[in-house]
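One structure is given below, encoded as structure tokens.
So you know, we letter chains A, B, ... as the sequences are listed, proteins then strands, and number each from 1.
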There are 2 protein chains.
Amino acid sequence: MARMSAADRRSALIEAALRVVSREGLAQATTRAIVGEAGMSLASFHYAFESRDELVDELIGTVVARERKAVAPEELIAAAGEGASLAELVEAGLLRYFEHLRADPEHEQAMLELTQYALRSPERHPLAVAQYERYAELVVEALEAAAELTGARWRLPVEHVARVLVAFTDGLTITWLVDRDDAAAARVVAAAADALSRMADPR
Amino acid sequence: MARMSAADRRSALIEAALRVVSREGLAQATTRAIVGEAGMSLASFHYAFESRDELVDELIGTVVARERKAVAPEELIAAAGEGASLAELVEAGLLRYFEHLRADPEHEQAMLELTQYALRSPERHPLAVAQYERYAELVVEALEAAAELTGARWRLPVEHVARVLVAFTDGLTITWLVDRDDAAAARVVAAAADALSRMADPR
DNA sequence: GACGAACTGGGACAGTTGACCCAGTCGCCT
DNA sequence: AGGCGACTGGGTCAACTGTCCCAGTTCGTC
């Protein structure tokens, strides 16, 4: 393995770890599996990280920080059409997320696994909370943009609306991961968009 | 340990395993931890089960089969009042589930972990599918009862409605497990009940 | 009450895993 | 060019885990 700084090595290991977790699950992401994926030796692992736990914690932090809005408002307009209603816009956004899920199910599965891992110990619980706060944050931005685009106004705090949307999204994710039923997922999307759009006054 | 039949031992071990998984997570549910919880020796484990995998598979089967309707229709009437609308009835049912979740979060967390475990290998995937089919089955019964009680009629196949409700329930579960925000959960419940009740024609 | 089969307990074993150590190598800085 | 600190590779260790074995015990049946 070529020489690299500790910082570079840390990120290389985190990337490798994410790939292993996505492909085989967190339980299979042993130090050896991660190091193998990264093409390094075991010693390099413990040179860059104190312990496996430290890497997993940092992995969660990284993926959370990296999480980007799945949808830009402009795309949604393009997808839903110019004079789209808020409901149509929300539905388009959810469908966009669903496409993202279909394109890379393993990634969402890995996210879910990391969440559950974090939920299992009190000192890691905040990592899960931060993860969901980040989700909500991104959704808030999208919801505000959608309201602005359609001239609608959210009747309750947009953070509340976002929290509900995150819950619906999670449910969509898990159930689809289990049954891979696209039509059923589409019905969930439609129902969720319907419920959410009723939380705003149209203009 | 007193003598017991292999069948009894299997169920005792499964009960013990469920307790360990609920309390400490699936990863910590080693043969020794399970056997310790059950107060048996290691040999008894492998007398009753071929392998740990066999126990986990059977554990999933057991919890799924045991899953009961969280709500009986009569209770809902009592909770929602005599002349309750379908929307109120659905909301009461979801709230009842939420109470169940609050009362025993570890159990739902264990269920989620078992699902994800099953999702990780092709030969176990059907276990997760069966788990969710069972959920949907129970929900179908509740939805049919609710429609009958209010004289409403589901506009789409009740199985489809149930599938959406299961997704919403899952989302409710995960997000609440993360942030333990009761008020947010209540908003999810209200939104879900709203969306679902719109899938029926009132009478 | 004796017999055989069902059952139990303790110990053992091999494989895996996280962690670590040390001898060596490389690259930067003076 | 030389030296020093950063970095690397391989080997090793103890702990843990799933599995198995075997000697012994208990129970139902004749």
What parts of residues 115-124 of chain B reach DNA chain D, counting only heavy atoms under 4.0 Å away? none

Find the distance B:Y47:OH to D:dC27:C1' and express it as a whole number of Å. 12 Å

Which of parallel (below 30°), tilted (30 to 60°) and perpendicular (above 60°) describes A:H100 and A:Y97? tilted

Could you work out, with side chain to side chain contact (heavy atoms under 4.5 Å, CB included) as the rule, every residue matching A:A183, not counting sequence neighbours? A:D181, A:R187

So do A:W176 and A:D182 actually touch side chain to side chain, heavy atoms under 4.5 Å? yes

Regarding B:D170 and B:Y132, do their side chains bring together a donor and an acceptor under 3.5 Å, going by distance alone? yes

With sequence neighbours left out, write down each residue that passes salt bridge (charged side-chain N to carboxylate O under 4.0 Å, His left out) with A:R134, or none if nothing qualifies. A:E137

side-chain hydrogen bond (donor to acceptor under 3.5 Å, both in side chains) for B:E113 and B:Y117? Distances and angles first, verdict last. CA-CA 6 Å; B:E113 262 181 70; B:Y117 166 80; over 6 Å; no

Send over the distance from B:R10 CZ to C:dC7 P, rounded to a whole Å. 12 Å

Calculate the interatomic distance between A:L13 atom CG and D:dC7 atom C1'; express it in whole Å. 14 Å

Dump the pairs, protein N or O against N or O of nucleotides 15-18 of chain C, anything under 3.5 Å, distances to one decimal.
unit_1	atom_1	unit_2	atom_2	d
C:dG18	OP1	A:R52	NE	3.1
C:dG18	OP2	A:T31	N	2.8
C:dG18	OP2	A:T31	OG1	2.7
C:dG18	N7	A:R32	NH1	2.7
C:dG18	O6	A:R32	NH2	2.9

Please state how far atom CZ in B:F45 lies from atom P in D:dT19, giving the value in whole angstrom units. 7 Å

Considering only distance and modelled atom types, tabulate donor-acceptor pairs under 3.5 Å from the side chains of residues 11-20 of chain B, sequence neighbours left out.
unit_1	atom_1	unit_2	atom_2	d
B:S11	OG	B:A7	O	3.0
B:S11	OG	B:D8	O	3.3
B:E15	OE2	B:R66	NH2	2.6
B:R19	NE	B:E37	OE2	2.6

Expressed as a whole number of angstroms, how long is the span from B:I34:CD1 to D:dT17:P? 11 Å

The criterion is side chain to side chain contact (heavy atoms under 4.5 Å, CB included); which residues satisfy it with A:P157, sequence neighbours excluded? A:E159, A:H160

